[in-house]
Amino acid sequence: MRASLGMRAAVAIATSALVLPLLPAAPANADPDPGKIAQTVVASAVKKHLRKLQDIANANGGTRAAGTPGFAASRDYVAGVLKKAGYTVKLQAFEFPFFKENSTALLQRTAPSPKTYAPTPPDGSSVGEFATMTYSGSGDVTGAVADVDLMLPPGPEANASTSGCETSDFAGFPAGAVALVQRGTCTFQVKAENAQAAGASAVIIMNEGQPGRTDTLQGTLGEPTVHIPVVGVSFAVGQELSAAGTTVRVTTDTTSEIRTTHNVIADSRWGDANRVVQLGAHLDSVLAGPGINDNGSGSAAILEVATVLGKIPTRNKLRFSFWSAEELGLLGAEHYVASLSPADLAKIKLYLNFDMVGSPNYALKIYDGDDSDATGAGPGPEGSAEIEKLFEKYFDALHQRHNGTDFDGRSDYGPFIAAGIPSGGTFTGAEGVKTAEEQAMFGGTAGQAYDPCYHQACDTIANISDKALALNTGAIATAAAVYAFSRDLPGPDNRTTAAAARTTAATSAATDAATTAAAGGTAATR
């Protein structure tokens, strides 16, 4: 949906107000006006990209997950658009552990009295009495249950149990039996690998039993090193199965293997290669759905911003990044950052991340670069607070309320922050629940998730708030255009001259004055 004329005028005023003080030393008319540039990025073009991503998912089993044909087609579409816009595009290959549960697992007690336990389906739409561990192998086995160093009753504190953590726990283990181990101390992967090495035909990992550690155990083995079925169960089910003489049938149907996927990295033809302004969004969905909000929305928004800015010579080099395998633990972004030399990392002056910017029950959230909310993680690297303030001024100039969101490590800014790169961005909420205060600020429904279709098949083109998408697209375009031309990017400033100090002071004063003027001008356009 194309932003309204009133909204576009407001965005232009907001961006103009922000950019003028950021370029105090520029001669008149030396650069294009970033406000006018941002105004040309419209939500209708972003929606066109989203419809294409939906079409790709529809043609590929309803998913665009890393390691699937749906992701490959998404990658090729994005790369094609960027090349057409004039970017130098690199497909950065990396290997990752792929996992898919192909059909619903089975857990039955066959003796002493038959019982079938409720499964957790592959799409995670409900939680049963057991769940297949991520990176479990496949198989259909029946065997006697062999307890492995269980602590029953459980210890008074979490991680009291060392069940399965040492190879000696499996001394005398009967080959072909189903190992029953207990959560605690070491990883699920270590427990399962030790059981497999001892000759177990399958592994059942029960929760440990303390308060908060009794429910059905859902977890990951980390990588595909185990080739036998591995399931997690609740503490209560584990106690049942630990009874003498118990035999069970365990059936899992999975694909667990190493696959290759790609990040898409696009560099503009313009700008100083030693001053890189990088924007990123993850392109992959979860296996369960097409991922149009998570994260087609962020990908489509930065793709359209790239399309517009690719035609304009900029002072600083722009780099647009489309990450793969984010849903499996930020793997694409981590691979990218790890692949850079210290010299190349130093060239990246800031990183802007956009992961979910169209949530249907949205809030307008800005990453808390200065930790002013005093929630969760601390502040971002030096310069992150400046990035946060730019987004705040954008929304303030539009008379749009906003709140902060913590750098909680759940998206692709994580590796950049760890490398000391100033970071920021916007976010409209995922599975978290909207508060009554946020309902008053943004509308929508308190007590419900920001995105009720988070990680589900219903995350389709119908799962997008056009208003949230338009507002965040404007914010992304504003930040990209401002930083593309800025002489004084956020972050450590090594200038030491008195003239530089005077320029910085003047810039700060001009920013405040211009923002106040922008707010008044914006109100007049509504």
Side-chain angles (χ1 to χ4, degrees), residues 1 3-4 6-8 10-11 14 43 46-47 50 124-125 281 289 291-298 300-301 353-377 387-411 413 424-476 478-479 515 518-519 522-523 525-526:
M1 179 182 73
S4 68
M7 176 67 73
R8 292 177 63 196
V11 170
V46 179
K47 285 294 288 283
L50 287 179
S125 56
I292 299 304
N293 185 39
D294 183 19
N295 181 37
S297 61
N353 192 73
F354 303 98
D355 187 355
M356 303 178 66
V357 295
S359 304
N361 194 31
Y362 72 90
L364 297 175
K365 297 175 178 286
I366 303 169
Y367 287 116
D368 185 15
D370 59 3
D371 196 31
S372 56
D373 294 343
T375 300
I387 297 171
E388 179 186 8
K389 286 180 173 59
L390 186 146
F391 286 113
E392 288 175 345
K393 289 176 181 178
Y394 165 80
F395 287 120
D396 288 346
L398 296 179
H399 291 272
Q400 289 288 336
R401 300 178 72 182
H402 50 81
N403 57 5
T405 188
D406 184 43
F407 277 129
D408 60 9
R410 288 186 56 182
S411 197
Y413 54 77
T426 63
F427 173 53
T428 52
E431 81 279 24
V433 175
K434 192 171 207 173
T435 66
E437 180 183 7
E438 288 175 325
Q439 178 179 302
M441 294 171 69
F442 309 112
T445 306
Q448 293 187 8
Y450 303 107
D451 183 355
C453 288
Y454 178 70
H455 283 187
Q456 299 178 48
C458 57
D459 187 9
T460 65
I461 195 73
N463 191 48
I464 292 289
S465 163
D466 287 342
K467 182 177 180 181
L469 186 68
L471 286 167
N472 280 280
T473 296
I476 296 167
T478 297
T515 302
T522 302
T525 68
R526 293 174 63 122

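- In this structure, D355 CG and N293 CG are separated by 9.0 Å, a value rounded to the nearest 0.5 Å.
- When every heavy atom of G358 is checked against every heavy atom of A468, the shortest pair comes out as CA-CB, 4.2 Å.
- Between atom CG of residue L390 and atom CD1 of residue I387 there is a gap of 8.5 Å, rounded to the nearest 0.5 Å.
- Between the N361 side chain and the T445 main chain, a donor and an acceptor come within less than 3.5 Å of each other.
- Within the 4.5 Å cutoff, the side chain of P360 has heavy atoms near those of the D451 side chain.
- Across all their heavy atoms, F427 and T405 have their closest contact at CD2-OG1, 3.8 Å.
- Between Q400 and H402, the closest heavy-atom pair is O-CD2, 3.5 Å.
- Nearest heavy-atom pair, T473 versus A301, reported as atom, atom and distance to 0.1 Å: OG1-CB, 4.0 Å.
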- Task: Check the pair Y362, N472 against side-chain contact (heavy atoms from CB on, under 4.5 Å), reporting the backbone distance first and the verdict last.
- Result: CA-CA 11 Å; Y362 72 90; N472 280 280; over 6 Å; no

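- Sorted by first then second residue, the salt bridge (charged side-chain N to carboxylate O under 4.0 Å, His left out) pairs that include residues 425-446, not counting sequence neighbours, are K365-E438, R410-E431.
- Contact annotation: the side chain of F391 approaches that of T426 to within less than 4.5 Å [non-hydrogen atoms, C-beta and beyond].
- By the side-chain hydrogen bond (donor to acceptor under 3.5 Å, both in side chains) test, Q439 pairs with no residue at all, sequence neighbours left out.
- The distance from atom CG of L364 to atom OH of Y394, rounded to the nearest 0.5 Å, is 9.0 Å.
- In this structure, CD in E388 is found 4.5 Å from CG in D370, a value given to the nearest 0.5 Å.
- In this structure, S465 and S359 approach most closely via the heavy-atom pair CB-O, 3.4 Å.
- The backbone N or O of N463 lies less than 3.5 Å from no partner atom in the side chain of D459, so there is not a single donor-acceptor pair.
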- Let me see the working for L469 and V357 under side-chain contact (heavy atoms from CB on, under 4.5 Å), right down to the final yes or no. CA-CA 6 Å; L469 186 68; V357 295; 4.2 Å; yes

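- Here the closest heavy-atom approach between residue A377 and residue D371 is recorded as O-OD1, 3.2 Å.
- Summarising the geometry, atom OG belonging to S297 is positioned 11.0 Å from atom CZ belonging to F354; distances are rounded to the nearest 0.5 Å.
- Here the OG-OH distance, from S411 to Y367, works out to 5.0 Å after rounding to the nearest 0.5 Å.
- Using a 4.5 Å heavy-atom cutoff, the side chains of D406 and D373 are not in contact.
- Of the possible donor and acceptor atoms, one in the side chain of N295 sits under 3.5 Å from a partner among the backbone N and O of M356.
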